[in-house]
Number of protein chains: 2
Amino acid sequence: MVSSKDVAKYAGVSQTTVSRVLNTPELVKPKTLKKVMEAIEQLNYVPNDIARSLVQQKTGIITLISGPLHNPFFVDTTTEIVNYANARGYKVNVYFGTEDNLETIYNSVLETKVDAIILSSIRYTDPLFYKLEKLEIPFIMFNRKHQENRHFVEIDNIEAGYLATNHLVTLGHTDLCWIGGPHEMSTFFGRYEGFKKALVEAGIAINTVPTFFTNTSKGDIKRVFEELLLLSPRPTAICAATDAIAIEILNQCLEQGFDIPNDFNVIGIDNVELSKHRSISLTTVGIKSEKNLGFLAIEKLFDVMEKKSACIQQTESVKLFPRNTTGKKMN
Amino acid sequence: MVSSKDVAKYAGVSQTTVSRVLNTPELVKPKTLKKVMEAIEQLNYVPNDIARSLVQQKTGIITLISGPLHNPFFVDTTTEIVNYANARGYKVNVYFGTEDNLETIYNSVLETKVDAIILSSIRYTDPLFYKLEKLEIPFIMFNRKHQENRHFVEIDNIEAGYLATNHLVTLGHTDLCWIGGPHEMSTFFGRYEGFKKALVEAGIAINTVPTFFTNTSKGDIKRVFEELLLLSPRPTAICAATDAIAIEILNQCLEQGFDIPNDFNVIGIDNVELSKHRSISLTTVGIKSEKNLGFLAIEKLFDVMEKKSACIQQTESVKLFPRNTTGKKMN
DNA sequence: TTCTGAAATGAATACGTAACCATTAAAAGG
DNA sequence: CCTTTTAATGGTTACGTATTCATTTCAGAA
């Protein structure tokens with residue numbers, strides 16, 4: 001491998017000068033500059049970014065721990081995060097966390113020198129949070145947040161759950177049901193709180209309403225839907241905690257020959273890009289901002305990296321996006 | 001930052017011994033081992049992977065240059081590639097290439113020390129290929145290939161185009177049309193060749209068949225669809241070069257109030273996960289293997305990294321996946 | 001007890017760069 | 001022409017690890 005020393009020797013200058021040519025060319029005489037540039041060209045020299053990282057104590061890498069891409073929410077956020085970071089000259093180490101591999105990922109990440117970390121997969125009481133704080137590098141959580149209430153960008157989950165549920169109530173549904181995920185995640189917890197709040201307001205007794213707290217894999221949701229079909233009275237409206245769940249419920253409904261929204265109303269939360277596709281056209285609740293949560297988070301993360309902010313605590317307001325999976329209840 | 005030297009001092013041993021504790025613990029006396037382990041614990045020492053990379057000349061990083069995730073094909077492949085590499089202990093630097101940023105990405109990648117590169121965005125005559133060969137690190141292209149015909153995993157694009165077209169012909173369609181992308185990409189080129197081959201066999205004159213070669217952004221496809229609606233005779237069957245195109249065509253059809261498959265038959269190529277969703281249920285042609293192209297490629301890349309293979313040249317066979325966007329032509 | 005070989009440890013160095021400090025060359029001022 | 005600045009360059013070191021080679025320690029055999 002050809003190093004800056006080789007270039008220096010070839011050009012008849014010191015390694016220091018070669019370094020200067022690359023980093024502060026205005027400090028080197030035009031004639032020497034040319035000489036060195038030619039040597040670089042001749043020898044096909046490429047600076048070693050690892051060595052640079054070592055001496056500068058900065059890697060130019062950001063770690064992203066995302067949820068899996070079969071959840072369309074993470075398709076949207078990963079896109080924004082990676083593209084934004086790249087545009088700012090950073091590389092992005094991407095991980096897709098699931099139940100199984102999360103511990104492994106955390107260990108790997110904690111042993112890797114990076115300039116910042118952005119993650120979504122954290123649980124409300126996750127000990128990882130404290131390890132991240134110990135690392136003393138900027139980090140931010142998007143979507144989910146931690147009980148310590150620091151370093152996060154989220155949507156107003158309670159309001160989101162409330163708006164979604166309220167929409168169904170307003171359409172005349174009284175037989176609702178809830179399909180959510182584990183309450184160790186702040187998103188599922190908050191959205192369910194909103195669900196209950198809307199039920200109370202509507203005068204519906206919470207204990208009469210079927211609720212499912214499930215893992216969010218296809219198989220799990222399929223099982224939930226099968227259970228749901230056995231309920232009596234059968235719900236006419238399904239409130240899903242995320243678009244990902246809602247979209248898989250749609251899949252199951254169609255699979256079984258049901259008609260949406262006539263047999264079931266379905267509403268989600270997140271307003272993912274895919275929900276806008278005319279084949280899906282999912283009614284949902286999502287962030288008011290034009291930018292998605294991933295974008296907002298990475299933007300804020302850079303603020304922290306540049307010391308413009310110290311600690312991010314941001315909750316974005318939400319609104320309803322009515323589409324074709326919900327409609328006035330027929331009798 | 002606490003280094004192995006600090007640990008050494010604290011434990012009263014040499015830095016060499018600390019290094020041994022981490023890498024070859026069987027070579028160090030149990031008593032010393034314990035002493036050092038405790039020091040590591042006490043000082044909260046984490047090895048610096050950058051320094052390690054520098055001395056070992058290997059980074060544990062693989063670069064992935066993928067297409068954008070709004071193309072569902074890359075959702076599937078990115079998932080497999082990242083997860084496989086992670087499982088094998090590698091980190092993955094992810095880039096999403098588009099027309100605009102590809103040059104920038106290439107430059108960044110060429111200046112970054114990594115252990116291997118996997119990419120899909122290459123053009124048939126892309127000079128990048130030669131630069132990659134010069135780097136002398138393992139690399140592989142998936143989906144698209146380069147004119148040099150080395151280092152790739154692809155599907156049989158000609159056969160794919162042929163099967164898709166033939167399916168429409170068999171259903172009784174005579175007014176076909178083709179929507180593809182720029183022919184500098186081997187995928188689009190090959191699939192169109194298959195399209196023509198099937199037309200010839202069906203006795204349809206190629207010059208009577210409308211063809212669109214477009215960029216694959218939503219806006220571009222919308223424009224194409226609007227043009228298509230003005231054609232006379234209006235095509236009854238649309239052959240899209242990729243599922244991504246097909247799915248956006250579906251979106252446009254529904255947007256305009258058309259019914260699928262009655263007003264238009266639509267077929268894609270790639271058999272992406274999303275095409276299986278019941279709301280989409282896209283007829284398509286895809287790889288016969290259970291594994292997707294991304295998985296096959298990353299697997300092969302590891303073979304190369306481990307010197308099990310020198311140069312990959314793999315073309316996977318394909319088959320038809322009939323679903324609900326095509327059907328017998330009604331009169 | 002002494003010798004021999006293996007086991008355990010340490011000292012020095014390399015990896016390739018940027019940064020700091022020292023030095024030389026050139027330009028400006030009297 | 002000499003002095004004083006300023007521009008341009010070079011020598012040396014630090015970053016934190018793994019590796020190579022040399023040295024010490026120790027157990028077992030003679």
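All chains are named by letter (A, B, ...) in the order of the sequence lines, taking the proteins before the strands, and each is independently numbered beginning at 1. On a predicted model such as this, the values are computed, not experimentally measured, just so you know.
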* To do: Could you check whether Val13(A) gets within reach of a base, just the sugar-phosphate, or nothing at all, counting any heavy atom under 4.0 Å?
  => sugar-phosphate
* **Listed once per pair and sorted, the salt bridge (Lys or Arg N to Asp or Glu O under 4.0 Å) pairs that draw on residues 42-53 of chain B, sequence neighbours left out** => Asp49(B)-Lys91(B)
* Starting at the 5' end of DNA chain C, which residue's closest nucleotide do you reach first, Val2(A) or Glu26(B)? -> Glu26(B)
* To do: Round to a whole Å and report the spacing from CG of Asn48(A) to P of dC15(C).
  => 12 Å
* Would one find a side-chain N or O of Gln57(A) under 4.0 angstrom from OP1 or OP2 of dA18(C)? -> no
* Asked: Does a side-chain N or O from Thr17(B) land closer than 4.0 Å to OP1 or OP2 of dG10(C), or not?
  -> yes
* Asked: Using the benzene-type ring in the case of Trp, are the ring centres of Tyr124(A) and Phe188(A) under 6.0 Å apart?
  -> no
* Which residue lies more 5' along DNA chain C, comparing Gly12(B) with Leu54(B) via nearest heavy atoms -> Gly12(B)
* Which part of the nucleic acid, if any, lies within reach of Thr32(B) when heavy atoms closer than 4.0 Å are counted: base, sugar-phosphate only, or nothing? -> sugar-phosphate
* Taking the side chain of Lys29(B) as its heavy atoms from C-beta onward, which of dG10(D), dT9(C), dG16(C) lies nearest to it? -> dT9(C)
* Asked: Counting side-chain heavy atoms from CB outward, which of dA8(C), dG10(D), dT17(C) is closest to Ser14(A)?
  -> dG10(D)
* OP1 or OP2 of dC15(D) under 4.0 Å from side-chain N/O of Ser3(B) -> no
* So, for Tyr130(A) and His146(A), is the gap between ring centers shorter than 6.0 Å? -> yes
* Asked: When you check the side-chain N and O atoms of Asp115(B) and Thr59(B), is any donor under 3.5 Å from an acceptor?
  -> yes
Check: protein-nucleotides 19-24 of chain C nitrogen or oxygen pairs below 3.5 Å:
residue : atom : partner  : partner atom : Å
dA19(C) : N6   : Thr16(A) : OG1          : 3.2

* Please state how far atom NZ in Lys5(A) lies from atom P in dA14(C), giving the value in whole angstrom units. => 8 Å
* Parallel under 30°, tilted from 30 to 60°, perpendicular over 60°: which one fits the rings of His151(B) and Phe139(B)? -> tilted
* Asked: Hey, what's the ring geometry for Tyr84(A) with Phe302(A), parallel, tilted or perpendicular (30° and 60° as the breaks)?
  -> perpendicular
* Asked: Quick one: CG on Asn149(B) to CD on Gln313(B), what's the gap to the nearest 0.5 Å?
  -> 6.5 Å
